[in-house]
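Just so we're on the same page: letters track the sequence lines, and every chain starts at 1. Computation of the quantities below employed the complete heavy-atom set of this structure, encompassing side-chain atoms and omitting hydrogens, waters and symmetry-equivalent molecules.
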2 protein chains.
Amino acid sequence: MPAQHLFKALADPTRREILRLLRDGSLPAGDIAEHFPITRASLSHHFNLLKQAELVRTERRGQHIVYSLNTSVLEDAAGLLMELLRPKSTETTDES
Amino acid sequence: MPAQHLFKALADPTRREILRLLRDGSLPAGDIAEHFPITRASLSHHFNLLKQAELVRTERRGQHIVYSLNTSVLEDAAGLLMELLRPKSTETTDES
DNA sequence: AAGATAATTAGATAAATATCTAAATACAAG
DNA sequence: CTTGTATTTAGATATTTATCTAATTATCTT
């Protein structure tokens, strides 16, 4: 699991807001776009990074592309942070 | 709590490695520097971002400056990720 | 006080990133 | 099969960021 992609993806406020929107259910790209003042092309760029980090999944439904949250990867991210807290033992060697 | 500073700070592999080093106890800047192939000036830049995010604390001890982990902020970060998972209710409105 | 050591700040630069406009692709429907 | 709608990709640009060298600040030691 590339922690680098994961944390990079989480570093941008727009992307975190996208994840927050998806928390309540899947949404087509267009619906997501309505929540942001940037172009759809820019949003698409953010979608790419979120997909690269596997934080979201996509499914084509007709002419729409529906995005949904990959909760397990979010759990992984939280877990990586928790690992930083105590157990030197529970170390899963990880190339940043 | 500026989530932005927090996630930005976590986005860099060098900074995450610094946190990992501090997990096992406080360390002076010089000791930390020995683990990295970059200059102390560059490390200092990373320290600044970690401090800005309040992920680390500093204490001067003689000519050394000792860094230590602020575990509660790491817990906060993990918590912010967990919030993205389910409860729309437990929402603490947050300017990214 | 002077010199040595530890760390930071200042200023510069190269690489990465967020954004835009314009063009391309994919599907749906007349 | 052409037109319209949804989304992505290509290419360009401005900003941010990680890094460096050189200079500065702070403390210790003699």
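Among the heavy atoms of the strands lying under 4.0 Å from Ala41(A) is at least one base atom, whether or not backbone atoms are also near. When heavy atoms are screened at a 4.0 angstrom cut-off, Ile32(A) is found touching no nucleic acid atom at all. Note on His45(A): a base of the nucleic acid sits closer than 4.0 angstrom, heavy atoms only. Among the protein residues, Arg15(B) comes within range of the sugar-phosphate backbone only, with heavy atoms under 4.0 Å from sugar or phosphate atoms but none that close to a base.
In this structure, CZ of Arg61(A) is placed 17 Å from C1' of dA26(C), rounded to the nearest angstrom. One interatomic measurement links the two molecules: CZ of Phe36(A) to P of dT19(C), which rounds to 10 Å at whole-angstrom precision. Between the CD atom of Gln4(A) and the P atom of dA16(C) there is a distance of 12 Å, rounded to whole Å. As rounded to whole Å, 8 Å separates atom C1' of dT19(C) from atom NE2 of His46(A). What separates CD of Glu17(A) from P of dA18(C) is a distance of 16 Å, to the nearest Å. Remark: P of dT19(C) and CZ of Phe47(A) are 12 Å apart, rounded to the nearest angstrom. Per the geometry, CG belonging to Asp12(A) stands 18 Å off P belonging to dA16(C), to the nearest Å. The interatomic distance linking Ile38(A) (CD1) with dT17(C) (P) rounds to 16 Å, in whole Å.
Of the candidates dT19(C), dA7(C), dT8(C), the closest approach to any side-chain atom of Tyr67(B) belongs to dT8(C).
In this structure, Arg40(B) contributes its side chain and Ala29(B) its backbone to no donor-acceptor pair below 3.5 Å. Checked by atom type and distance alone, the side chain of Gln4(A) pairs as donor or acceptor with a backbone atom of Ala11(B) at under 3.5 Å. Of the possible donor and acceptor atoms, none in the side chain of Arg15(A) sits under 3.5 Å from a partner among the backbone N and O of Leu10(A). Between the side chain of Arg16(A) and the backbone N or O of Ala9(A), no donor-acceptor pair lies under 3.5 Å. With Arg60(A) contributing its side chain and Gly62(A) its backbone, the two residues share a donor-acceptor pair below 3.5 Å. No donor-acceptor distance shorter than 3.5 angstrom exists from the side chain of Arg57(A) to the backbone of Lys51(A), with no hydrogens or angles considered. At least one donor-acceptor pair closer than 3.5 Å links the side chain of His35(B) to the backbone N or O of Asp31(B).
Comparing Lys8(A) and Lys51(A) against DNA chain D, the residue whose closest nucleotide sits nearer the 5' end is Lys51(A). Each of Arg60(A) and Thr39(A) was matched to the nucleotide of DNA chain C holding its nearest heavy atom; the match closer to the 5' end belongs to Thr39(A).
For the pair Leu69(A)/Leu84(B), no side-chain contact is recorded, criterion being any heavy-atom separation below 4.5 Å from C-beta on.
Within the helix from dA1(C)-dT30(D) to dG30(C)-dC1(D), the inter-axis angle between the opening and closing five-pair segments is 20°, rounded to 10°.
Heavy-atom contacts of chain A under 4.0 Å fall on DNA chain D between two terminal nucleotides, which in 5' to 3' order are dG4(D) to dT9(D).
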Does the pair Leu55(A) and Leu49(A) meet the rule for a side chain to side chain contact (heavy atoms under 4.5 Å, CB included), with working shown? CA-CA 9 Å; Leu55(A) 280 162; Leu49(A) 299 199; over 6 Å; no
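Residues Leu80(A) and Ala3(A) come closest through the heavy atom pair CD1-CB, 4.0 Å.
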